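For reference, the structure discussed in these notes is given below.
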Amino acid sequence: MKKFFVLMTAVLASSLSGLSAQASMENMAHTAVASTSWTAAFADLAGVDDIAVIAPAELRHPPEYELTPSDIIEIQNAPFFIYAGYERMMTTIQEGIPSEDRVDIAITTENDRQTVIEMAELIASYTGTTPRYESYVETVNEGRKMVEELGLDELKVYCHTMQVPLAEDLGLSITATFGGNEISAGQIQEAAESDYDLIIDNFHNPIASPLAEVSDAEFVIWRNFPETSGRNALENMVRENIRALSELYD
């Protein structure tokens with residue numbers, strides 16, 4: 001029944017597109033539609049302005065977002081659609097929202113400098129925009145300098161797998177990782193016995209509380225998906241992650 005509704009909605013969107021496509025394309029000139037605030041943030045760093053974001057940024061786990069009929073129409077009429085591939089919506093989009101005019105751009109979403117630069121350049125190669133990631137890179141460089149100055153690069157860090165790229169890019173030494181599944185009894189025992197200095201959890205899939213309860217390590221929760229969309233969203237989020245880390249050691 002659900003699949004039938006999705007397909008019928010796509011047919012409706014197709015019939016409406018004859019009336020709205022021209023106006024939509026004019027309104028969306030030099031604009032991309034992004035699946036989440038994270039993919040939108042990469043588009044921003046690629047130099048794209050006026051980015052429409054499908055999944056609300058305030059969701060705890062935006063990839064679980066289900067499309068609405070208005071989302072379907074917006075995606076169908078989009079010049080560019082930027083996504084990561086793990087979003088639940090992608091099955092619906094690939095099966096029921098085809099478009100000969102839309103360019104779908106799949107990117108890797110990790111917050112290390114190399115990935116940010118590569119993905120911004122990739123998006124810009126399609127959109128014809130000029131990347132603007134220099135300030136982001138400088139923010140990460142400043143964070144790495146802070147880590148070195150505070151001696152945090154000597155810490156034993158137990159890190160959620162989703163936060164490893166940023167943590168390593170800041171110069172933290174990842175001793176072990178968790179994530180992907182619920183915390184096991186063995187991981188709790190390891191946290192109790194391994195004398196970790198720092199545990200980094202992921203806001204969008206927080207599972208490390210049991211580890212923090214049995215460890216004397218400092219505990220911080222970082223984000224991957226920006227809380228808002230717009231200019232410098234990814235940089236602002238990373239800056240907040242860095243600030244949260246520094247406050248543990250002030």
Side-chain angles (χ1 to χ4, degrees), residues 2-3 5-7 9-10 13-14 17 24-25 27-112 115-127 129 131 133 136 162-163 165-166 202-205 222-238:
K2 180 179 179 182
K3 185 173 182 180
F5 170 77
V6 169
L7 292 176
T9 305
S14 180
S17 65
S24 296
M25 290 297 289
N27 291 336
M28 296 179 65
H30 310 296
T31 297
V33 174
S35 59
T36 66
S37 64
W38 202 0
T39 55
F42 277 80
D44 165 54
L45 295 175
V48 182
D49 293 317
D50 302 319
I51 305 159
V53 183
I54 297 300
E58 63 268 18
L59 292 181
R60 176 59 69 101
H61 197 234
E64 297 300 313
Y65 178 75
E66 295 281 4
L67 293 174
T68 67
S70 61
D71 294 333
I72 291 171
I73 293 174
E74 183 155 34
I75 292 170
Q76 187 169 36
N77 293 333
F80 304 98
F81 178 65
I82 302 169
Y83 67 99
Y86 48 69
E87 302 91 339
R88 178 180 292 177
M89 68 180 75
M90 289 312 302
T91 298
T92 300
I93 293 170
Q94 291 169 347
E95 292 181 356
I97 318 179
S99 173
E100 294 182 359
D101 299 320
R102 184 183 71 236
V103 176
D104 294 343
I105 308 172
I107 65 171
T108 299
T109 50
E110 293 180 353
N111 294 330
D112 59 283
T115 300
V116 165
I117 291 171
E118 290 178 355
M119 294 303 104
E121 296 282 2
L122 173 65
I123 295 169
S125 72
Y126 287 98
T127 59
T129 50
Y133 47 72
Y136 176 90
M162 293 300 296
Q163 296 296 347
L166 177 60
N202 182 33
F203 174 85
H204 313 286
N205 179 28
W222 282 356
R223 299 183 67 98
N224 274 329
F225 294 83
E227 292 183 88
T228 61
S229 57
R231 283 291 288 121
N232 300 319
L234 195 65
E235 178 183 352
N236 293 338
M237 184 206 72
V238 167

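Remember, predicted model here, so these are calculated numbers, not experimental data. When a residue number appears, it is its place in the shown sequence, counting from 1.
Within the 4.5 Å cutoff, no side-chain heavy atoms of M162 are placed close to those of N205. Here the side chains of Q76 and I73 are not in contact, with every heavy-atom distance at 4.5 Å or above. Residues E118 and T108 are not in side-chain contact: their nearest non-hydrogen atoms beyond the backbone lie 4.5 Å or more apart. When side chains are defined from C-beta on, L67 counts as touching I75, because their heavy atoms get closer than 4.5 Å. The side-chain heavy atoms of T36 and Y83, taken from C-beta on, include no pair separated by under 4.5 Å.
The distance from the CD1 atom of I82 to the OG1 atom of T39 is 6.5 Å, given to the nearest 0.5 Å. In this structure, CG on N224 lies 8.0 Å from CG on L166, to the nearest 0.5 angstrom. The distance from the CD1 atom of I72 to the CE atom of M89 is 11.0 Å, given to the nearest 0.5 Å. Residue L45 holds its CG atom at 8.0 Å from CD of E235, rounded to the nearest 0.5 Å. The OG1 atom of T115 sits 11.5 Å away from the CG atom of L122 when rounded to the nearest 0.5 Å. Rounding to the nearest 0.5 Å places CG of D50 at 10.5 Å from OG of S229.
Shortest non-hydrogen contact noted between A46 and A124 is O-CB, 3.7 Å. Pairing each heavy atom of F81 with each of M90, the nearest pair is CE2-SD, 3.7 Å. H204 and P62 make their closest contact through ND1-CD, 4.5 Å (heavy atoms, listed as atom of the first residue, atom of the second, distance). I105 and F80 make their closest contact through CD1-CD2, 4.1 Å (heavy atoms, listed as atom of the first residue, atom of the second, distance).
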Let's go through Y133 and M119 carefully: what are the C-alpha distance in whole Å and the side-chain angles of both, what is the deciding distance for side chain to side chain contact (heavy atoms under 4.5 Å, CB included) to 0.1 Å, and is it a yes or a no? CA-CA 10 Å; Y133 47 72; M119 294 303 104; over 6 Å; no
Apply side chain to side chain contact (heavy atoms under 4.5 Å, CB included) to L234 and D44, showing your working. CA-CA 9 Å; L234 195 65; D44 165 54; over 6 Å; no
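Qualifying side-chain hydrogen bond (donor to acceptor under 3.5 Å, both in side chains) partners for D104, counting only residues two or more places apart in sequence or in other chains: R102. Remark: E87 engages S35 in a side-chain hydrogen bond (donor to acceptor under 3.5 Å, both in side chains) (not counting sequence neighbours).
In this structure a side-chain-to-backbone donor-acceptor pair under 3.5 Å is present from S37 to P226. A side-chain donor-acceptor contact under 3.5 Å links Q163 to the backbone of W222.
Within 6.0 Å of atom CD in E227, 12 or fewer heavy atoms from other residues, nucleotides or ligands are found, so the atom counts as exposed in its surroundings. The local environment of OH in Y126 is sparse, with at most 12 non-hydrogen atoms from other residues, nucleotides or ligands closer than 6.0 Å.
Using the six-membered ring where Trp is involved, Y86 and W38 have ring planes that are tilted, between 30° and 60° apart.
With a 6.0 Å cutoff to the six-membered ring centre and a 45° limit on the axis angle, R60 counts as a cation-pi contact of F203.
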